[in-house]
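Atoms within each ligand, like the ligands themselves, are counted from 1 in listed order.
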Amino acid sequence: MTPEDDGLLELRAALAGEVIGPADHEYDTARVCFNALVDRRPAGIARCLGPSDVATAFDFARTHKLEVAVRGGGHNPAGHCLLDGGLVIDLSHMRAVEVDADARTARAEGGSTWLDFDSATQAFGLVTPGGVVGSTGVCGLTLGGGIGHLTAQYGLTCDNLVGAELVTPDGSVIRASSEENPELLWGLRGGGGNFGVATLLEFRLERLDRVVGGLLHFRGSAVADNLRRFRDLAASSPPHLSCQAIISVDESLTPALLVAPCYTGSSQDPEELRGLRSWTGVVADTVRTQTFLEQQLVFDSPYGENRHYWKGHFVRELTDELIDELLDRLLAFGRPPVHILIESLHGAPKSADPAFGPLAYRKAACNVSAMAVWANAGDDEQHIAWARNTAAAIEPWSLGGGYANYMQADEPLERVRAAFGDDAFKRLQALKRRYDPSNVLRRNQNIPPGETRQ
Ligand SMILES: Cc1cc2nc3c(=O)[nH]c(=O)nc-3n(C[C@H](O)[C@H](O)[C@H](O)COP(=O)(O)OP(=O)(O)OC[C@H]3O[C@@H](n4cnc5c(N)ncnc54)[C@H](O)[C@@H]3O)c2cc1C
């Protein structure tokens, strides 16, 4: 037995959940995260079963001077849920979601995924706007904002957060709601996993059962014009239509556009979607009336198989020039598979009270992200360079700051600060000083407790 494993015996005895160390046969699967670019070897993985396990894990890490990482769904492209040599506070066995249909609220445990959440809430015909891939963590996504198929209708995911139970690094269990620690609740609506481990998050729910949604694929020379139409559609859309777009090129460098609409109005054959479906260049159309759970399956992505590097900007406007630039950037790579994701922020994010949370980017027209996804380690440099250069090409249209949920670990602090603006960032720092003054929780899009101007 290695000295590391010997050390874990003490944690094994104290934790209700299991503890996985390097000598355990499960170790290599337990340390897989969504992004295969991230390959780290923690000293131990503490699979917590509740707040007291989380407090025990913090205590163990402090006593043994181990750095900690927090794991929810393991999706963060930066791989913040894993570290070399430290302790992972793994919430993947805390996935219960409890729905109060009368109060229209749901309480999700710290490691629950969107599939867990949507399955539980849809059993009552209820919903909150979440992520578009079922295996993404509810808490990780919410704490960083949250953009998905219902953003225009109900706002960012964090706009629907009404309460939380948190374990802070000193082991205290604290609650946040509009009555109790309201400033902390404000900070949790976008300020990330900086203040504690959320063992429960509570959400407001809306009534929703069926949507008109699916995917529309366009291919060929009409893609540039269709992207302009997509922009105009999003800008003029009523808040009952959310839409996202992905552009790419195929082997022959022919451009392709994928549009994912999600309509929740009263029509079975909405005029907005009729127009969209008649654009030239359609090669596949799966748009239909379907359950919200079916809509949540239109995007899927294999877990832990591909290498990912994402970088982007919130843009003021999707101008004609920017659209041309984006298509040029796809051609510049010269082959698939590289993508650019365009998430429209029209509708509810704009009408939310800005004082509700710290995020500044709700003013943007769209979130535009270069997404390099590849399989071979030998191609790392090329793909990472493409994503960085593409983000640099988008930057002239940027509002400043990026989307914390898509950031890699190499983003400078200034990009994190700009996502909030100076005043909100200072308020977040004050919260950090109160709840995590030693910056134990620094494996995230970090809000350092102290002075930071670079
Ligand atoms: C395939 C894919 C699809 C995605 N789709 C969307 C989408 O539709 N919309 C969107 O907005 N984003 C999306 N994202 C981004 C996603 O929201 C972020 O990467 C988010 O951080 C993932 O949370 P996680 O719990 O799965 O990740 P993890 O890697 O487990 O956690 C990331 C970080 O979140 C924090 N965290 C997680 N759980 C807790 C907790 N319980 N308490 C405190 N801190 C916690 C920690 O700081 C942790 O380091 C997607 C990412 C991927 C890879």
Exercise. Donor-acceptor pair, Ser112 side chain versus Ala96 backbone, under 3.5 Å?
Worked result: no
Exercise. In Å and rounded to the nearest 0.5 Å, what is the CD1 to NE2 distance from Ile394 to His313?
Worked result: 6.0 Å
For this session: Working to the nearest 0.5 Å, report the span between CG of Leu83 and CZ of Arg31.
Result: 12.0 Å
Which ligand 1 atoms, with their elements, are less than 4.0 angstrom from a heavy-atom of [X]?
X	value
Phe34	1 (C), 53 (C)
Ile147	7 (C), 8 (O), 9 (N), 10 (C), 11 (O)
Gly193	44 (N), 47 (O)
Arg443	47 (O), 49 (O)
Gly110	41 (N)
Gly146	11 (O)

Seminar exercise, completed: Heavy atoms of Asn446 and Val416 approach each other most closely as O-CG1, 4.0 Å
For this session: Please say whether more than 12 non-hydrogen atoms of neighbouring residues, nucleotides or ligands are located less than 6.0 Å from CZ in Arg415.
Result: yes
[atom] - nearest protein heavy atom and its distance:
atom	value
atom 21 (O) of ligand 1	Asn76 ND2, 2.8 Å
atom 46 (C) of ligand 1	Val70 O, 4.0 Å
atom 23 (O) of ligand 1	Gly140 CA, 3.3 Å
atom 11 (O) of ligand 1	Tyr403 OH, 2.4 Å

Could you tell me whether the side chains of [X] and [Y] share a donor-acceptor contact shorter than 3.5 Å?
X	Y	result
Thr56	Asp59	no
His149	Gln244	no
Tyr309	Asp410	yes
Glu343	Tyr406	yes

Just go through [options] and tell me whose heavy atom is the nearest to [atom].
atom	options	answer
atom 10 (C) of ligand 1	Thr151, Val373, Leu141	Leu141
atom 13 (C) of ligand 1	Trp114, Phe299, Phe195, Tyr406	Tyr406
atom 42 (N) of ligand 1	Cys33, Ala198, Pro302	Ala198
atom 39 (C) of ligand 1	Ala69, Ala164, Cys139, Gly148	Cys139
atom 45 (C) of ligand 1	Val54, Leu82, Leu143	Leu143
atom 22 (C) of ligand 1	His75, His308, Arg71	His75

Would you check whether [X] reaches within less than 4.0 Å of ligand 1, judged by its heavy atoms?
X	value
Ala404	no
Trp310	yes
Gly144	no

For this session: Pick one of side chain, backbone, both or neither for how Leu91 approaches ligand 1, counting any non-hydrogen atom pair under 4.0 Å.
Result: side chain
Sub-3.5 Å N/O-N/O distance, [X] and ligand 1:
X	answer
Asn405	yes
Gly73	yes
Val197	no
Ser301	no

Exercise. Does the ring of Trp186 carry Arg427 above it, NZ/CZ under 6.0 angstrom from centre and within 45° of its axis?
Worked result: yes
Exercise. So among Arg189, Arg362, Arg204, which one has a side-chain hydrogen bond (donor to acceptor under 3.5 Å, both in side chains) with Asp159?
Worked result: Arg362
Problem set entry | Verdict with reasoning, Tyr435 to Ile174, per side-chain contact (heavy atoms from CB on, under 4.5 Å) | CA-CA 10 Å; Tyr435 294 107; Ile174 47 174; 3.2 Å; yes
Problem set entry | Parallel, tilted or perpendicular: ring planes of Tyr361 versus Tyr403, cut at 30 and 60 degrees | perpendicular
